Amino acid sequence: MKNGQLLSETTAGSSSKLLSLLIDIKYLLKGKVLVANVLPVFTAYWLALYFNGEPFIDNWGLFLLTMFGSTLVISGALILNNWYEVDLDRKMVRTQNRPTVNGNFSLKAVLWSGIITSIIGLVFMLFTTLEAAIYSFLGWFVYVVLYTFWTKRKFTVNTIVGSVSGAFTPLIGWAAVAPASHIVPIVFFCILFIWQIPHTLAISIKRLEDYTRAGVPMLPVVCGIDVTIRQNLIYIIALLPFPFFLTTSLGWFFLVFALSLTIGWIILALKGPRAKDVKKWAQMNLRYSLIYLILLSFAMIILTSPIID
């Protein structure tokens, strides 16, 4: 009886430690951010196969290399971001669960994990195409060096710099199959670049106290919430023209669908100046931005699926 109880307690303890480890890894990799960056890679890879007449079944090996490699490169960049910003994270409520803050992972281990993960990911990408590997490196370089190490602590344009990094993801996915000179990955790049700015502005309003306490020069910290709300609206409106460039490639349904999503976001953004609870409004914007990206990506995938042809 005692042996059985001891075994049960040992198993429960091991499960608890494993769960705790997985949670730490999720926070280290900024789970939602990782998914939001990997999804466009997959979407663009799928679109590249469709527009180049390549069946998925003949390219599943390339698919695994692309997804695994790009996920590692993105993960490496996020890990290095966590390592470098630990002093800021200690001052912010929303980052208290990160293992770099609570001490569950040593900073040395996190640093080396970020470096090794980045290198392995880039090596995997070299087994796809050189162009895809270059886009992977550029996205990593902009995020780690230009955003994390340089602009985030000094300039309000850090949001724009960070957005450039994330916009490389559809170029990575497409270039693994064919040169990314096609109108679809180029427009997708532009959409993602603009999309990330109101997405980040919503976070900065929602977490204004955190960023103020940490001294991060986000737009609402430096220029105020009213200016940020106006900028948020301007960037969302800037998304309107881009679906028109994809009409020939993806059809009229995509145009109407994408425009409807953008108009819905504009209507929400227009409520900002009159919002009684700005934090709640910012949370709604943040949620809508994620829904926007997911629905837009899935619309692209569904419209180029064999069952639609």
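Quantities reported herein were computed from a predicted structural model and do not represent experimental measurements.
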What are the two closest non-hydrogen atoms of [X] and [Y], and how far apart are they?
| X | Y | value |
| --- | --- | --- |
| Thr117 | Gly76 | CG2-N, 3.8 Å |
| Ser249 | His182 | OG-CE1, 4.0 Å |
| Trp140 | Ala77 | CD1-CB, 3.7 Å |
| Asn102 | Asn97 | ND2-O, 3.3 Å |
| Ala258 | Leu296 | CB-CD1, 3.7 Å |
| Asn232 | Ala269 | ND2-CB, 3.7 Å |

[atom1]-[atom2] distance between [X] and [Y], expressed to the nearest 0.5 angstrom:
| X | Y | atom1 | atom2 | answer |
| --- | --- | --- | --- | --- |
| Thr100 | Ile79 | OG1 | CD1 | 11.0 Å |
| Ile236 | Leu201 | CD1 | CG | 9.0 Å |
| Ser70 | Ile172 | OG | CD1 | 6.5 Å |

Mind running side chain to side chain contact (heavy atoms under 4.5 Å, CB included) on Val86 and Asn82 for me, showing each step along the way? CA-CA 6 Å; Val86 64; Asn82 267 332; over 6 Å; no
Say whether, by atom type as modelled, one donor and one acceptor occur between the side chain of [X] and the main chain of [Y] under 3.5 angstrom.
| X | Y | answer |
| --- | --- | --- |
| Gln196 | Val164 | no |
| Thr156 | Leu219 | no |
| Asn59 | Pro55 | yes |
| Glu54 | Ala48 | no |
| Thr151 | Leu146 | yes |
| Thr304 | Ile301 | yes |
| Asp210 | Val93 | yes |
| Trp195 | Cys190 | no |

Cut-off 3.5 Å, side chains only: do [X] and [Y] have a donor facing an acceptor?
| X | Y | answer |
| --- | --- | --- |
| Thr247 | Trp252 | no |
| Trp265 | Ser289 | no |
| Asn81 | Thr148 | yes |
| Asn285 | Lys206 | no |
| Arg287 | Tyr292 | no |
| Trp150 | Asn158 | no |

For the residue pair [X] and [Y], establish whether any side-chain heavy-atom pair is separated by less than 4.5 Å.
| X | Y | answer |
| --- | --- | --- |
| Arg153 | Leu88 | yes |
| Leu259 | Leu255 | yes |
| Thr66 | Trp174 | no |
| Tyr235 | Thr200 | no |
| Leu192 | Phe168 | no |
| His199 | Ile203 | yes |
| Phe56 | Tyr45 | yes |
| Ser165 | Tyr147 | no |

Describe, in one word, how the ring planes of [X] and [Y] are oriented to each other, choosing from parallel (under 30°), tilted (30 to 60°) and perpendicular (over 60°).
| X | Y | result |
| --- | --- | --- |
| Trp46 | Phe42 | tilted |
| Phe149 | Trp83 | perpendicular |
| Phe242 | Phe245 | tilted |

Leu29-Val101 co-clustered via ILVMFWY side chain contacts under 4.5 Å: no
Find out if a path of hydrophobic residues (ILVMFWY) with successive side-chain heavy-atom gaps under 4.5 Å connects Leu122 to Leu64. yes
Report the C-alpha separation of Glu209 and Lys279 in whole Å, then their side-chain angles, then the decisive distance to 0.1 Å, and conclude whether the side chain to side chain contact (heavy atoms under 4.5 Å, CB included) test is met. CA-CA 11 Å; Glu209 289 79 9; Lys279 298 291 180 64; 2.8 Å; yes
Quick check on side chain to side chain contact (heavy atoms under 4.5 Å, CB included): which of Ile74, Val144, Leu72, Leu80 does Ser118 satisfy it with?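 Only match with Ser118 under side chain to side chain contact (heavy atoms under 4.5 Å, CB included): Leu80.
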Taking only Lys NZ, Arg NE, NH1 and NH2, and the carboxylate oxygens of Asp or Glu, determine whether Lys91 and Glu85 approach each other closer than 4.0 Å. no
Quick one: do Asp24 and Lys17 make a salt bridge, cutoff under 4.0 Å?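 Answer for the salt bridge query: no.
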Take a 6.0 Å sphere around [atom1] of [X] and say whether it holds more than 12 heavy atoms from other residues, nucleotides or ligands.
| X | atom1 | answer |
| --- | --- | --- |
| Phe155 | CZ | yes |
| Phe253 | CZ | no |
| Met67 | CE | yes |
| Lys271 | NZ | no |

Verify side chain to side chain contact (heavy atoms under 4.5 Å, CB included) between Leu250 and Met300, making sure each step is shown before the conclusion. CA-CA 7 Å; Leu250 296 175; Met300 291 178 174; 4.0 Å; yes
Would Gln231 and Thr228 satisfy side chain to side chain contact (heavy atoms under 4.5 Å, CB included), going step by step from the backbone distance to the final call? CA-CA 5 Å; Gln231 290 290 315; Thr228 307; 5.6 Å; no
